[in-house]
K.L.:
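The structure is given below, and queries will be raised subsequently.
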Amino acid sequence: MGQGAMGPAGTLSLAGVLSLVGVLAGDNGVQPAGTPLTLDLGGTVPPGWDALSHSRGLDCWEVRKRNSSEWCRFVRSNPDCRLEGGFLDYLQGVFCVFPPRLLPLAVTLYALWLLYLFIILGVTAEKFFCPNLSAISTNLKLSHNVAGVTFLAFGNGAPDVFSAVVAFSNPRTAGLAIGAVFGAGVFVTTVVAGGIALVKPFTAASRPFLRDVIFYMVAVFFTFVVLYFGRITLGEALEMPTDAEEQESSGTNSGDYGEEYRPLIPSRENSLRILTTALSPLDYLKWRRKPWYWRLFKVLKVPVELVLLLTVPVVDPDKDDLNWKRPLNCLHILTSPLLCILTLKSGAYGLYQIQGIFPVWGLVTLVGSVLAVITFITTSNEEPPKYHCVFAFLGFLASAMWINAAATELVNILRTLGVIFQLSNTVLGLTLLAWGNSIGDTFSDLTMARQGYPRMAFSACFGGIIFNILVGVGLGCLLQMTSSQLVVKLEPDSLLVWILAGALGLSLVFSFVSVPVQCFQLGKAYGACLILYYLAFLCVALLTEFRVIRLSAI
């Protein structure tokens, strides 16, 4: 398809996604009209610096410098310790609920919950968000090229993009987004790419490799320039996701979306049997032949998958029945809208009283129940209705709300861990958040390489991450803008931001020069160099964070 045809379609779909994300994020972090927008990128605060958080009171990090008896009062009275959005107040939990002597226990529980949030993000994106995006693109009759650069590209990077957007919605956590997008970029292009070369030496495809690296270097340079000048305009923010579309058209999309939910024996079944089978997240045949560690991980995912099956419909164009489950889909007419209003703004809209009498969630329940009954009466178990495609849009919205809710909790818990250990948001982003968001890419790419597809795995190291860095930063900045304030000010006061940008740029330059020199023959020496480079970068970043390395601020 030509560029002229691809552009409008891509712009239209991204506009729709932007509108959705704007609704999901609500008005968190949006300043009043006329107020300068400033994003604090975290890091060590130099003496005398008057940051946004300091204008609201003492920095929340100061709590660890106080006597333990004052922790709770400090957290409750300091505006900088208020977490934006989310269902749990992790700061008050660790400093008010747990006694000081049990602080290690609280940190352990938070770390386990953090890992589980990554599982929730992964399961939701892989088995619910992406399949519905695929169904939407099929129903809209989009070409593979346009679908790839819009819906599917956004679906593949959903956890990364949502994490970045949520982090950007609050100036105090913007450093998480910068650290995550740059940190994940360094990790994937060194550790994952190097691991592929170690596992399966191969000959890289010259033209796609050079194209991907050049696009990536341009994206990093553009982001570096924005950080250097400390501001981003509306036009620049809009240009970022537009640029990402062109590159993502060469990306790959893999994964089995819903094999576990297919009935073992297709036959005419009654509604109760269809409902119970559709709600089972386990494939017993697969369970018996899988190793113990797969079973253990599956047990952890079962509660998440069960809740998602109850609240998120999935339309699968590859199935004869399009994954139509009449009793469950009718139930989704009630549960999906209810989920949306109860997760939007942490349930604030759902609990709103209409005329001070009737709650919004009650109205949604009433309307949803009536529509569910009508749908059940007018449809059959054997054949999906003509309007079945509507469930793909409903499933897309519901899964997006789940991802946004999990990403909000993830950002809040990372900020809490930063306060506990007195770490900057940037270092948390380049380590925990970047590693967590890259787990799926790491395992899938290395598995692909072991199975004999190292070229495809190597290309995937560059394609998806370009989309994440441009769209994550672009959408995050767009959400910070108002009708009267079309410029977002960025203040990278931490040296870590520049180390991140420089490290990512140098790793790309290294590959850009060394791979052609090796005649595109990538072996174990190249892989070892990339992994050693990442370890060196990580050491420099952590030494800078703990002030062992002191350089003058840029």
K.L.:
Is it the case that atom CZ in F87 sees more than 12 heavy atoms from other parts of the structure closer than 6.0 Å?
P.N.:
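Yes.
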K.L.:
Give a yes or no on whether the backbone of C81 and the side-chain of N78 come within a donor-acceptor separation of less than 3.5 Å.
P.N.:
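No, the answer is negative, given that no donor and acceptor are paired below the 3.5 Å cut-off.
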K.L.:
Is the backbone of L338 close enough, under 3.5 Å, to the side chain of W361 for a donor and an acceptor to pair up by distance?
P.N.:
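The answer is no, because no donor-acceptor pair under 3.5 Å joins these two groups.
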K.L.:
Rounded to the nearest 0.5 Å, what separation is found between the CD atom of E305 and the CZ atom of F128?
P.N.:
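CZ of F128 is found 6.5 Å from CD of E305.
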K.L.:
Determine whether L309 and V314 make a side-chain contact, defined as any pair of heavy atoms from C-beta on separated by less than 4.5 Å.
P.N.:
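Not touching, per the 4.5 Å side-chain cut-off.
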K.L.:
Stepwise, does the side chain to side chain contact (heavy atoms under 4.5 Å, CB included) test hold for I119 with F297?
P.N.:
CA-CA 10 Å; I119 293 177; F297 188 60; 3.8 Å; yes
K.L.:
A side-chain contact here means heavy atoms from C-beta on lying under 4.5 Å apart; do V97 and C72 qualify?
P.N.:
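No, too far: nothing below the 4.5 Å cut-off.
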K.L.:
Between F537 and Y534, what is the ring plane arrangement, given parallel below 30°, perpendicular above 60°, and tilted in between?
P.N.:
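Geometry flag for Y534 against F537: tilted rings.
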K.L.:
The test is side chain to side chain contact (heavy atoms under 4.5 Å, CB included); show your working for I499 and T544 and say whether it passes.
P.N.:
CA-CA 9 Å; I499 291 177; T544 303; 3.3 Å; yes
K.L.:
Do the side-chain N and O atoms of W113 and Y90 include a donor-acceptor pair separated by under 3.5 angstrom?
P.N.:
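Their side chains do contain a donor-acceptor pair, which is all the 3.5 Å distance test asks for.
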K.L.:
Please name all residues satisfying ring-ring contact (aromatic ring centres under 6.0 Å, His included) with Y533, sequence neighbours left out, ordered by chain then number.
P.N.:
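If we apply the ring-ring contact (aromatic ring centres under 6.0 Å, His included) test to Y533, skipping adjacent residues, there are no hits.
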K.L.:
Between the main-chain N or O of V199 and the side-chain N or O of R450, is there a donor-acceptor pair closer than 3.5 Å?
P.N.:
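Such a contact is absent between R450 side chain and V199 backbone.
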K.L.:
Which residues satisfy the salt bridge (charged side-chain N to carboxylate O under 4.0 Å, His left out) test with R66, sequence neighbours excluded?
P.N.:
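Counting only residues at least two positions away or on another chain, R66 forms a salt bridge (charged side-chain N to carboxylate O under 4.0 Å, His left out) with E70.
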K.L.:
Quick one, K65 and Q422 - any side-chain contact, counting heavy atoms below 4.5 Å?
P.N.:
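Sidechains of Q422 and K65: in contact.
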K.L.:
Is there a side-chain contact between L508 and V220 in this structure, where contact means two heavy atoms from C-beta onward sitting under 4.5 Å apart?
P.N.:
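L508 vs V220: side chains touch.
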K.L.:
Drop me the distance from I403's CD1 to T408's OG1, to the nearest 0.5 angstrom.
P.N.:
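Output value for this atom pair is 11.5 Å.
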K.L.:
Decide yes or no for I420 and F95: does some side-chain heavy atom of the first lie under 4.5 Å from some side-chain heavy atom of the second?
P.N.:
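Yes. Closest side-chain heavy atoms under 4.5 Å.
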K.L.:
Any side-chain heavy-atom pair from L430 and F187 closer than 4.5 angstrom?
P.N.:
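The answer is no, as the side chains (C-beta and beyond) never meet within the 4.5 Å cut-off.
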K.L.:
Do NZ/NE/NH1/NH2 and the carboxylate oxygens of R415 and D80 come within less than 4.0 Å?
P.N.:
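Yes, charged N to carboxylate O under 4.0 Å.
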K.L.:
Could you state the interatomic distance from OG1 (T335) to CG (L394), rounded to the nearest 0.5 Å?
P.N.:
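Reported to 0.5 Å precision, the distance equals 8.0 Å.
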K.L.:
When rounded to the nearest 0.5 angstrom, what is the spacing between CG in N412 and CZ in R82?
P.N.:
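If we round to the nearest 0.5 Å, N412:CG and R82:CZ are 14.5 Å apart.
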K.L.:
Can you measure from OG1 (T416) to CG (L91) and round to the nearest 0.5 angstrom?
P.N.:
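Answer for the OG1-CG pair, T416 versus L91, is 4.0 Å.
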K.L.:
Begin with the C-alpha distance, continue with both residues' side-chain angles, and end with the deciding distance and a verdict on side chain to side chain contact (heavy atoms under 4.5 Å, CB included) for V364 and L342.
P.N.:
CA-CA 10 Å; V364 172; L342 291 179; over 6 Å; no
K.L.:
Hey, can you tell me if W287 and W294 have their rings parallel, tilted or perpendicular (30° and 60° cut-offs)?
P.N.:
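Answer is perpendicular, since the angle exceeds 60°.
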K.L.:
Does the side chain of F510 reach to within under 4.5 Å of the side chain of C529, using non-hydrogen atoms?
P.N.:
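Yes. Closest side-chain heavy atoms under 4.5 Å.
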K.L.:
With rounding to the nearest 0.5 Å, note down the distance linking CG in L308 to OG1 in T124.
P.N.:
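If we round to the nearest 0.5 Å, L308:CG and T124:OG1 are 4.5 Å apart.
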K.L.:
Is it true that T189 and Y216 share a donor-acceptor pair across their side chains at a distance under 3.5 Å?
P.N.:
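No donor-acceptor contact under 3.5 Å links the two side chains.
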K.L.:
A side-chain contact here means heavy atoms from C-beta on lying under 4.5 Å apart; do L397 and C340 qualify?
P.N.:
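Of all side-chain heavy-atom pairs linking C340 with L397, at least one is under 4.5 Å.
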K.L.:
Give the table of side-chain donor-acceptor pairs shorter than 3.5 Å for residues 176-186, with sequence neighbours excluded, one pair per line with atom names and distance.
P.N.:
none

